[in-house]
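In what follows, a single structure is set out as structure tokens and then discussed.
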Amino acid sequence: MPHTPLHDWNLIPTEAIALQKRLAGRVERADRLDPVRHLAGVDIGFEQGGEITRAAVVVLAWSPNDGNEFEVVEQVVHREPTRMPYVPGLLSFREVPAALGAFEKLEVKPELVMVDGQGIAHPRRIGVASHLGLWLDLPTIGVAKSRLCGRHGEPGPERGDWTPLVDGSDTEVIGAVLRSRVKVKPIFVSPGHRVSLPTAIEWVTSCLRRTKLPEPTRLADRLASRRG
DNA sequence: GCGACAG
DNA sequence: ATCTTGTCGC
């Protein structure tokens with residue numbers, strides 16, 4: 001299983017954290033997105049017991065008219081050797097390199113990207129969605145299936161109900177715990193880069209269909225896990 | 001010192 | 001994340 005040089009394991013964590021602290025200040029939290037014509041979903045999967053990292057990007061054409069329907073216009077898969085083990089709080093160093101590789105193969109450039117993982121709902125306010133957005137210089141939203149940090153109450157039972165995710169001083173809202181489906185564990189939505197929390201919630205909500213995850217992330221998930 | 005801990 | 005069969009529910 002292992003093919004991650006020990007020196008990577010020892011040196012990267014401390015350097016990675018220092019880098020996150022520097023980059024966190026560059027993550028923009030206010031809206032700064034162009035009209036969205038194409039929306040992308042990103043997720044990472046693994047093959048061969050973790051030796052290979054598989055990044056998947058699905059681009060959808062957004063049509064506000066036809067009842068908010070989408071159309072898949074492009075799908076890309078990029079594989080490369082896994083370079084780092086999973087470490088809570090340092091997920092971006094394990095997944096972003098492969099994600100960037102997938103974006104390089106992309107022909108249609110999206111104006112907004114949804115990433116499987118946290119945005120600023122991270123100890124240093126720079127989760128994988130924020131880190132990727134900063135690198136691509138694109139608006140991103142983090143859509144995670146579970147919590148990394150922060151406190152929250154139980155959101156209401158209806159689809160669309162949500163409660164704030166707060167951390168540190170009870171006044172710092174870092175995300176939203178959103179009920180994306182009735183009777184299903186809520187998802188964690190947080191701004192990635194160049195998107196505010198209200199906008200992030202709006203986009204995720206309008207991309208919900210009959211499943212727990214919004215379409216962009218759900219489709220990328222299936223492609224990354226080579227299902228569907 | 002004792003938990004918690006995205007994927 | 002990944003390994004995995006059947007099973008409960010709309």
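Just so we're on the same page: letters track the sequence lines, and every chain starts at 1. Because only heavy atoms are used, hydrogens play no part in the values below, and waters and symmetry mates are left out as well, while side chains stay in.
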Whole-Å gap separating [atom2] ([N]) and [atom1] ([X]):
X: A/Ile174; N: B/dC5; atom1: CD1; atom2: P; value: 13 Å
X: A/Arg94; N: B/dC5; atom1: CZ; atom2: P; value: 19 Å
X: A/Asp167; N: B/dC5; atom1: CG; atom2: C1'; value: 13 Å
X: A/Lys183; N: C/dC10; atom1: NZ; atom2: C1'; value: 9 Å
X: A/Leu165; N: B/dC5; atom1: CG; atom2: P; value: 12 Å
X: A/His152; N: B/dA4; atom1: NE2; atom2: C1'; value: 13 Å
X: A/Arg151; N: B/dA4; atom1: CZ; atom2: C1'; value: 14 Å
X: A/Tyr86; N: C/dC3; atom1: OH; atom2: P; value: 18 Å

A/Asp31 and A/Ser196 side chains, donor-acceptor separation under 3.5 Å: yes

Matching residue for A/Asp167 among A/His152, A/Arg125, A/His122 - test: side-chain hydrogen bond (donor to acceptor under 3.5 Å, both in side chains): A/Arg125

Determine the contact category for [X]: base if any of its heavy atoms lies under 4.0 Å from a base atom, sugar-phosphate if only primed atoms, P, OP1 or OP2 are that close, otherwise nothing.
X: A/Gly127; result: base
X: A/Ile187; result: nothing
X: A/Gly142; result: nothing

Would you say [N] has OP1 or OP2 under 4.0 Å from some side-chain N or O of [X]?
X: A/Ser225; N: C/dT2; answer: yes
X: A/Lys145; N: B/dA6; answer: no
X: A/Arg147; N: B/dC5; answer: yes

Face-to-face stacking of A/Phe188 with B/dA6, centres under 5.5 angstrom, angle under 30°: no

Whether over 12 other heavy atoms sit under 6.0 Å from A/Arg26 CZ: no

Listed nucleotide nearest any side-chain atom of A/Leu148, set B/dC5, C/dC10, B/dG7: B/dC5

A/Phe46 side chain, from C-beta outward: closest of C/dT2, B/dA6, C/dC10: C/dT2

Backbone of A/Val195 reached by a side-chain donor or acceptor of A/Arg32 within 3.5 Å: no

Backbone N/O of A/Pro191 and side chain of A/Arg194: donor-acceptor pair under 3.5 Å: no

